[in-house]
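So the structure is just underneath, and the comments pick up after that.
Lettering follows sequence order; numbering is per chain, from 1. Computed from a predicted structure; not experimentally measured. Any value given below was found using the heavy atoms of this structure, including those in side chains, with hydrogens, waters and symmetry copies removed.
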Amino acid sequence: MKTLDLIPYSEPIPASAELFIFLEQLFFLIHILIINSILGLSLIIFYQWNRRRDFFEINKPFVKKIPILFAFGINMAIPALLFLQVIFGNFFYTSSILMGTYWIFIIPFLIIAYYSSYFQYKRFGISNSSKLALIVMISMIFYISFMFVNNLSMMEMPESWTSYFSKREGTIILWNIPTIYPRFLHFLIASVAVGGIVYSFYFRKISEDQLKEGLKIFAYATIIQIAVGFWFLLSLPQSIMIKYMGRDLVATVIFLAGVITAFIMVFTAFKGSLKGSIVFLLLTMVFMIINRYHLRIFHLGENFNLSHLKLLPQWDLFVIFTIIFLLGVTIILYMLKIGFFPQKGDIKE
Amino acid sequence: MNYPVWELYYLNSGTLVAIIAVIHVFISHIAVGGGLFLWLTDLKSVRESNTALRQYVRKHIWFFLLLTMVFGGVSGVGIWFAIALSSPWATSILIHTFVFAWAIEWVFFFVEIVSLLIYHYKFEVLSDKDRLKISFIYALSAWLSLFVINGIITFMLTPGDWLKTGNFWDGFFNPTSIPGLFFRTSICIMFAGLFGFVTAIFEKDEKIRQELLRYCAKWLYIPLPFLIVSGAWYFLSIPENARITNFILNKQTANAVNIFIIATVLLYFLAIFLVFKTSPKIQKVAVFTLILIGLSWIGSFEYLREYARKPYIIYGYMYSSSVLVNDEERLNREGLLKNSKWTSIKDITEENKLIAGREIFNLQCLSCHTIKGVKNDIVEKTEGLTRLGIISQLYGLGKVRDYMPKFIGNEREREVLADFITSLHAKKEEKIAEFYPKEEKIEIPPFNSKTDQYILLAWSTLGEKCITDSDRWFSFLYPGSTFQAIVIKRGKKPEILSEGIEIQYEVQKGYENPSKHSDFWKYAEALQGKKIAENLGLTGKGLKGVFDYDKGKNIFQAEGVPVLPYRDDGVFNPYPIFEVKAVEKATGKVLQTTKLVAPVSTELRCFECHGGKPKWNGISGISDQTAINILKLHDRNNGTRLLESALKGKPQMCQKCHEDFIVKSEGIKGHNSFSASMHGWHANYIPWKDERACNFCHPNDAKGNTRCNRDIHAKLGIGCTQCHGRLDEHASSILLSQQGTRKAKLLLRNLKPETPLNEINARKPWIQQPDCLNCHSGFNRPIKNAKAFNKWTTDVADLYRNRKDSTGKIPCTACHSSPHATYPSFNDYGKNRDNIQPLQYQGIPLPISSNMKCDVCHLVKMQGNYHHANMFRNFRNKKYLLQ
């Protein structure tokens, strides 16, 4: 069975491919930052549980915000997945089916995780069931993120699809693909780092100690993350690995830029600069997201070519979407304004 | 065919989509209606300075947020996940066609989330004015997401001009988008009230609770008129064909319709409990019951909407089996497997046929059917069908009841799919023992041409009288053969006798007790509305008796003689012999004795498709199993309860509903005639169109037990279709006589008669038939390849079996015998079993007076074609007589 023969036909796309790729990456960046925050903070909370006297007091604000972050994390995943499906739909649907049984469990597990976050918030400091809820939530996120890693990896590797012919009930996991492990770990460690920086950010005006503590978590996690990143790089097929090491100029430059900014942010974190760390974190994430896209294209190789996508433009709709999006953002900003910065006369007595 | 198939045989992906969708749709409607509810209720609390009402809003938001944002939001993503697993190609089309609509919907969702979170978390902080602004933004954005989603969902049911233009706007603003939007908006408002109850019943203050409950009840009742009007508008906007096939033809939707109606009634009646003061406990029970009823209500509505779209996933564009309508013809020609990306088999061999069948099942059936699973179990659905039955079922899929897609693929693929499905059945097909007719010698009665003064000619009006013989379950042909006879006094001018004589008949030994072999007499009351004494026919005639004289026809006739093909000694012979005597009444003198064959068969090969095996000694007749299988199908397809009635001891005559001239039944108006129903229905299913198709029901299978088409025509290779047309032609001609009933149109639309439909002449079954003279024009030898099809006799009197010669005295059948058994006949139960009288009177098995043997009756030498043109000649096909 030739891999190319298995790839489903694609549908015409309603705007230029680059636009959708950009939108996918943009919303993925926001999404992953939020999800990293949720998981990172949760892991920090879990680690700190009963280890310090002021544990409940310190962590209450995070516990309160995690459900809200969940709402936004899920919400931002939607456009990322939507735009991904416009360009890579035929790959993505296929890999989803190949692991369909595990994939669909994401939904109930996500509902459980989401409700657990509310439960944890409501019971935090009141009952130990709160810790149980936290564990459930973390476990669910582990599951969901691993499945995402598996699906996205499988989507990028059509050569692995032939397993379907011996396993059709949607239970294919790429256990035998070495990059799966560092890729998943890369997400986990990133979460701890982002969690650290969110922690630090929250306490920036409240407690210097906590600010530093957060930055320390961020810095150490980043060091580990750099090591995991190299493991990830080395686990890639050689033909792809060398593209990041000079064979492909753009990929190499972006990769190196990401590594450099990562090192810089370790440095800024140790120096206690929150602002610097945030800036370099964001830069690193942008570079890493581009790296991630390059990796997808390298993996797909000759199985995918942007120029093969037929364009049937719907520019009128793109304009309408843009207007509605801007209107939506304006309304959101307006609501945030009246919600968080009420005018004097509006404050309720 | 474009994507792999998630091979879940127990809980298929389609069912999974349904489960997630129903829950999500329930909550999402609450979310939209709830937006309006919260805003207006909050506004009311502000205007009336009603603190209690505000507190209620406060509590309701929290419950609302937990339900709609968490469960509703994620389950919405769940539908997306599930449909992509179940119908990835259709999902891809929806995503690519409507990506910006989805993106816009996401913006509204985003605004919804932010507004709801602010509304909840900042409820106490915000001023009344700002709070109301936020709640209004939530209400508006929630409704706008409904607006967008509704456009896409209705597109799937009625894509409208999009099918031609491919234009987004044509798809989005489609024929049902506006009625759908109104209908769903009404549902949202109704559900807002329904869920308002949940928070209200937990209010501790009784007075406030009662006020709140009444307030919520208003939300439930006010949208009712809009719900009804917009529902009707929505229903009438869906394609007419979808309405007919899915709400009338598909009896499986009846359950959902019933649930929908019952749930609506219950919902509105039960809510009254909450308006009046009752105990909090009863109120709580009532509210949670109402929620469950609401879930059933929306579930049945969504089920009906999904069914209305069948057999498509995108109406007119893609079948629910994920095959594009445009690809159908090519795939039928080239084969499905060859054109499918995700199949391990491309070329079918004898060795891989079951795997190939499974691949086809996965590609075409699995999205809706399970294997021994939770819903639409294919094993249960095909229970009672043999491999051939399944092949036929697949051939007929989507033709009459077009809520199922047609089978797409070539003939071989259809067969291997049937092989695969058959292999899933626990009960293996029974092998039917081959039947070999036993030749029996016939003693030809004596005739002395010199001394005998009388000729007695007697015959059966039908070349084969058929009997259902499944009276315990149903009947459409009961025992009752009709014989006719004339007595001719030989002479210079022969005379046909009508007075002073009596014609007696008596069946051969072994056939005297048909009631020993058949349940007809046991169920006669149910079937015929009257008790009938054992071994007598409907007209009171028995196996031994006297002919009546029919003055209208000038003929002796014994109507309704209940002879069966079963003999007491266990022998099956569908050609029992009757001895017939003409007796002078005054003296008792026997004027002439002869024998007639009474062709009677119970060979209906329903078991070939419907399973079971022949009832009588494994040879003939419809067995209990076969009959039950047939009734089950009829009940399922038509919403009847025939099986239940039969089990209660009240089997039905099919013609009670379906008009049939031959059994003198007028049926029920609007139903197709029995013949039109049988031929029309089965023509849509049976893949063969030649004699093989005829022989399933008519007793002429070459290996069957009757082989009724046995005259010289059969010997010359002339089969059923040359006179009656091939199956689709035959069925079409009959269906065209049904005066355009809706069902006749449905049965006709997928037939492919070789003669173009507009050239086919309608004919009334049993009343109009092809005539001998169509081919034997002027009684002459037919031209080569002559066909009798499509030119019908005008009425019953014109039929061969009722016509007479040029003198108007001698029936055609007197000299030529029964239709399909005209002299000379070649009967496998004995070469001359059908030729007794010609052999008796003229020593040759040819029509009476053939080869110019006028002296059978005329005692002077005759010349000329006295009885009909071209009769005065030698028999043409002599060579066959020697075989």
Item to check | Cation over ring face, B:Lys341 and A:Trp161, 6.0 Å, 45° | outcome: no
Checklist outcome for this item: Of A:Leu336, A:Leu327, A:Leu110, A:Val86, the largest count of non-hydrogen pairs under 4.5 angstrom with chain B goes to A:Val86
Item to check | Residue pair B:Trp6 / A:Thr101, side-chain donor-acceptor N/O under 3.5 Å | outcome: yes
Next on the checklist: Taking side chain as everything from C-beta outward and backbone as N, CA, C, O, which of these in B:Leu85 sits under 4.5 Å from a heavy atom of chain A? Side chain, backbone, both or neither.
Outcome noted: both
Next on the checklist: Side chains of B:Trp80 and A:Gln85 only: does a donor on one sit below 3.5 Å from an acceptor on the other?
Outcome noted: yes
Checklist entry - According to the interplanar angle, ranging from 0 to 90°, do the rings of A:Phe165 and B:Trp342 count as parallel (below 30°), tilted (30 to 60°) or perpendicular (above 60°)? => result parallel
Next on the checklist: Going by salt bridge (charged side-chain N to carboxylate O under 4.0 Å, His left out), name the residues that satisfy it together with A:Glu159, two or more places apart in sequence or in a different chain.
Outcome noted: none
Next on the checklist: Testing the basics here: between A:Glu11 and B:His96, what is the closest heavy-atom pair and its distance to 0.1 Å?
Outcome noted: CB-CG, 3.5 Å
Checklist entry - Considering only heavy atoms, which portion of B:Tyr121 lies under 4.5 Å from any heavy atom of chain A: side chain, backbone, both, or neither? => result side chain
Checklist entry - Taking C-beta and beyond as the side chain, do B:Phe168 and A:Leu312 meet within less than 4.5 Å on heavy atoms? => result no
Checklist entry - Does the pair B:Tyr3 and A:Phe92 meet the rule for a ring-ring contact (aromatic ring centres under 6.0 Å, His included), with working shown? => result CA-CA 11 Å; B:Tyr3 283 90; A:Phe92 180 72; over 10 Å; no
Item to check | Contact origin within B:Thr91 toward chain A - heavy atom pairs under 4.5 Å | outcome: both
Item to check | Part of B:Leu117 within contact of chain A (heavy atom distance under 4.5 Å) | outcome: side chain
Checklist entry - Mind checking which of residues 105-112 of chain B sit less than 4.5 Å from chain A, heavy atom to heavy atom? => result B:Trp106, B:Val107, B:Phe108, B:Phe109, B:Phe110, B:Val111
